[in-house]
Engineer: 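One structure coming up, written as structure tokens, with questions to follow.
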Amino acid sequence: MLLSKEVTVELHLTGHKIKRYFASMLKQQNIPLTPEQFMLIDILWNQGEMSQQQLAAHMQKDKNSVTMLVDGLEQKGLIVRKQNAHDRRSNTMILTDKAHAMKEEDKQKGISILDTILSGIDEEELQSFLGTLRKLNRNMDIVINSEE
């Protein structure tokens with residue numbers, strides 16, 4: 001198999017396995033979120049309130065996908081939408097007290113899940129791998145932007 005094809009297949013399969021494992025561990029840890037919802041809340045925990053467009057850019061997801069995630073989190077009482085006073089078409093996503101209360105315990109649980117996934121890989125290997133992933137992302141940005 002060509003190396004480029006093998007790398008792409010492994011990235012795809014590994015990404016799906018990580019997502020499935022993370023979902024099952026969130027459920028096991030009684031965290032009522034999907035991996036994508038956890039990621040969205042984690043961004044807001046770290047960055048503070050932001051618009052839906054900013055969230056979509058951070059998550060590298062389209063606006064409709066983020067809308068569905070926000071809808072689910074809003075139903076769970078974890079996010080509220082606040083209409084932007086300067087642009088009525090734009091909403092700011094704000095975490096509720098319930099979401100803030102989850103931060104300490106559930107964020108640490110999420111980190112522990114990720115640490116389990118990355119066990120046996122030393123920091124130097126992880127730094128090298130992260131650098132490679134960032135190069136792949138930049139390459140994809142170039143390719144995608146050249147097609148638009």
Side-chain angles (χ1 to χ4, degrees), residues 7-8 10-119 121-148:
V7 167
T8 304
E10 284 298 322
L11 277 172
H12 178 76
L13 294 175
T14 302
H16 280 309
K17 285 180 185 178
I18 289 171
K19 186 176 173 181
R20 266 195 343 258
Y21 177 75
F22 198 73
S24 71
M25 293 306 295
L26 288 173
K27 188 174 183 176
Q28 185 179 332
Q29 300 275 342
N30 295 315
I31 300 173
L33 302 171
T34 66
E36 291 88 357
Q37 288 173 334
F38 190 91
M39 182 179 174
L40 189 150
I41 283 185
D42 190 55
I43 290 168
L44 293 175
W45 281 334
N46 294 329
Q47 306 289 325
E49 58 188 55
M50 62 178 58
S51 72
Q52 194 165 322
Q53 291 85 350
Q54 290 170 313
L55 278 169
H58 271 290
M59 296 181 74
Q60 296 185 12
K61 289 191 171 284
D62 62 81
K63 189 178 173 189
N64 291 334
S65 297
V66 173
T67 297
M68 291 174 45
L69 292 171
V70 169
D71 288 346
L73 291 168
E74 196 171 40
Q75 289 173 356
K76 293 176 183 185
L78 298 171
I79 285 185
V80 292
R81 288 177 168 104
K82 180 180 175 189
Q83 192 173 55
N84 185 317
H86 304 294
D87 182 358
R88 296 174 58 137
R89 297 168 298 165
S90 176
N91 291 312
T92 300
M93 303 304 125
I94 302 170
L95 293 175
T96 64
D97 291 341
K98 182 178 176 181
H100 285 294
M102 292 172 62
K103 181 178 179 179
E104 223 34 63
E105 187 176 345
D106 290 346
K107 186 170 186 155
Q108 189 53 51
K109 287 178 182 178
I111 291 168
S112 293
I113 294 167
L114 296 174
D115 285 344
T116 299
I117 292 168
L118 299 173
S119 67
I121 306 170
D122 65 40
E123 187 171 342
E124 187 177 318
E125 288 176 300
L126 288 174
Q127 288 293 344
S128 175
F129 183 60
L130 184 58
T132 301
L133 288 174
R134 286 180 175 151
K135 286 178 185 176
L136 284 170
N137 273 315
R138 281 193 300 273
N139 288 350
M140 290 306 305
D141 287 342
I142 291 167
V143 170
I144 291 167
N145 291 333
S146 72
E147 292 178 354
E148 293 178 346

Engineer: Could you report the tightest heavy-atom contact between Pro35 and Phe22, atom names first, then the distance?
Structural biologist: CB-CD2, 3.7 Å
Engineer: Checking Gln47 now: which residues fulfil side chain to side chain donor-acceptor pair (under 3.5 Å) with it, not counting sequence neighbours?
Structural biologist: none
Engineer: Kindly write out the residues that satisfy side-chain contact (heavy atoms from CB on, under 4.5 Å) with Glu105, not counting sequence neighbours, or none if the list is empty.
Structural biologist: Lys109
Engineer: Nearest 0.5 Å, please: how far is CG in Leu95 from CG in Leu40?
Structural biologist: 8.5 Å
Engineer: Report the residues that fulfil side chain to side chain donor-acceptor pair (under 3.5 Å) with Lys107, sequence neighbours left out, ordered by chain and then residue number.
Structural biologist: Asp42, Asn46
Engineer: Can you name the residues that form a side chain to side chain donor-acceptor pair (under 3.5 Å) with Gln29, not counting sequence neighbours?
Structural biologist: none
Engineer: List the atom of Val80, the atom of Thr96, and the distance in Å for their closest heavy-atom pair.
Structural biologist: CG1-CG2, 3.8 Å
Engineer: Tell me every residue that passes side-chain contact (heavy atoms from CB on, under 4.5 Å) with Phe129, counting only those two or more places apart in sequence or in another chain.
Structural biologist: Leu133
Engineer: Considering residues at least two apart in sequence or located in another chain, which fulfil the side-chain contact (heavy atoms from CB on, under 4.5 Å) criterion with Ser24?
Structural biologist: Tyr21
Engineer: So which heavy atom on Pro32 is nearest to which on Gln37, and how close?
Structural biologist: O-OE1, 4.1 Å
Engineer: So do the side chains of Gln108 and Ile111 get within less than 4.5 Å of each other, counting heavy atoms only?
Structural biologist: yes
Engineer: Could you tell me if the side chain of Asp106 sits less than 4.5 Å from the side chain of Leu33, heavy atoms only?
Structural biologist: no
Engineer: Any salt bridge (Lys or Arg N to Asp or Glu O under 4.0 Å) pairs touching residues 14-30, not counting sequence neighbours?
Structural biologist: Lys19-Glu36
Engineer: With sequence neighbours excluded, what pairs up with Thr8 under the side-chain contact (heavy atoms from CB on, under 4.5 Å) test?
Structural biologist: none
Engineer: Using 0.5 Å steps for rounding, measure from the OG1 atom of Thr92 to the NZ atom of Lys82.
Structural biologist: 7.0 Å
Engineer: Looking only at heavy atoms, what is the nearest atom pair of Leu26 and Phe38, with distance?
Structural biologist: CD2-CD1, 3.9 Å
Engineer: Mind checking side chain to side chain donor-acceptor pair (under 3.5 Å) for Gln83 and listing every partner two or more places apart, or none if nothing turns up?
Structural biologist: none
Engineer: List the atom pairs, with distances to 0.1 Å, where a side-chain N or O of residues 97-104 and a protein N or O form a donor-acceptor pair under 3.5 Å, not counting sequence neighbours.
Structural biologist:
{"residue": "Lys98", "atom": "NZ", "partner": "Lys76", "partner atom": "O", "Å": "2.9"}

Engineer: Can you tell me how far CD1 of Ile43 sits from CE of Met59, rounded to the nearest 0.5 angstrom?
Structural biologist: 5.0 Å
Engineer: So, applying side-chain contact (heavy atoms from CB on, under 4.5 Å) with Lys61, which one of Thr67, Leu69, Leu55 is it?
Structural biologist: Leu69
Engineer: Taking only residues at least two apart or on different chains, which pairs with a member in residues 129-144 satisfy side-chain hydrogen bond (donor to acceptor under 3.5 Å, both in side chains)?
Structural biologist: none
Engineer: Measuring from atom CE of Met68 to atom CG of Asp62, what distance do you get when rounded to the nearest 0.5 angstrom?
Structural biologist: 9.5 Å
Engineer: Hey, does the side chain of Ser128 reach the backbone of Glu124 with a donor-acceptor pair shorter than 3.5 angstrom?
Structural biologist: no
Engineer: Arg81: what forms a salt bridge (Lys or Arg N to Asp or Glu O under 4.0 Å) with it, not counting sequence neighbours?
Structural biologist: Asp71, Glu74
Engineer: Nearest 0.5 Å, please: how far is CD in Gln53 from CG in Asn91?
Structural biologist: 8.5 Å
Engineer: Please report the interatomic distance CG(Leu78) to CD1(Ile41), rounded to the nearest 0.5 Å.
Structural biologist: 4.5 Å
